[in-house]
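Data block below; observations after.
The first residue of the sequence shown is numbered 1, and numbering continues consecutively from there. Only this structure's heavy atoms are used, side chains among them; waters, hydrogens and symmetry mates stay out.
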Amino acid sequence: HNFKARCTMAAAAAATVGARRGRARGQVILVEAELQRKAAENQMKRQQNELAQSILEKYDSDHNGILSPPELKKMLADYSKHRFNEEVQPTEEDLVF
């Protein structure tokens with residue numbers, strides 16, 4: 001009877017330790033996943049900034065850091081030609097936002 005009680009207590013202690021370790025491991029996994037998500041998000045932001053900068057370098061002919069309506073019109077026409085294999089001239093409505 002005493003042996004059975006000791007086995008039960010040992011099993012309970014092992015279960016408690018196992019649960020504690022499992023919870024700690026789960027928390028580590030969550031932190032690692034969040035760090036990976038943030039790293040991927042930062043990489044995507046860098047790529048978007050690089051793309052925006054390359055567009056400005058190509059289409060900002062007066063180098064003022066913004067695309068004027070004529071510069072934007074040229075960029076949109078080039079995009080339509082690249083994306084849809086046909087040049088579609090943007091309307092005035094396309095340029096106002």
Stepwise, does the side-chain contact (heavy atoms from CB on, under 4.5 Å) test hold for R46 with N49? CA-CA 5 Å; R46 278 192 297 277; N49 287 338; 5.7 Å; no
The salt bridge (Lys or Arg N to Asp or Glu O under 4.0 Å) partners of D78 (sequence neighbours excluded) come to K74
Look up atom [atom1] in [X] and atom [atom2] in [Y], then write down how far apart they are to the nearest 0.5 Å.
| X | Y | atom1 | atom2 | result |
| --- | --- | --- | --- | --- |
| N42 | M44 | CG | CE | 9.5 Å |
| D62 | L67 | CG | CG | 9.0 Å |
| L56 | S61 | CG | OG | 11.0 Å |
| Q47 | E50 | CD | CD | 7.0 Å |

By the side chain to side chain donor-acceptor pair (under 3.5 Å) test, which pairs, at least two apart or in different chains, include something from residues 29-39? E34-R37, R37-E41
Would you list the pairs meeting side chain to side chain donor-acceptor pair (under 3.5 Å) in which at least one residue belongs to residues 84-97, sequence neighbours left out? E87-Q89, T91-D94
Using the rule that Ile, Leu, Val, Met, Phe, Trp and Tyr join whenever any side-chain heavy atoms are under 4.5 Å apart, tell me whether [X] and [Y] fall into a single cluster.
| X | Y | answer |
| --- | --- | --- |
| L95 | I55 | yes |
| L51 | L72 | yes |
| V17 | M9 | no |

Which heavy atom of L76 sits nearest to which heavy atom of P90, and what is that distance? CB-CG, 3.6 Å
Member of Q53, E71, M75 meeting the side chain to side chain contact (heavy atoms under 4.5 Å, CB included) criterion with D60: E71
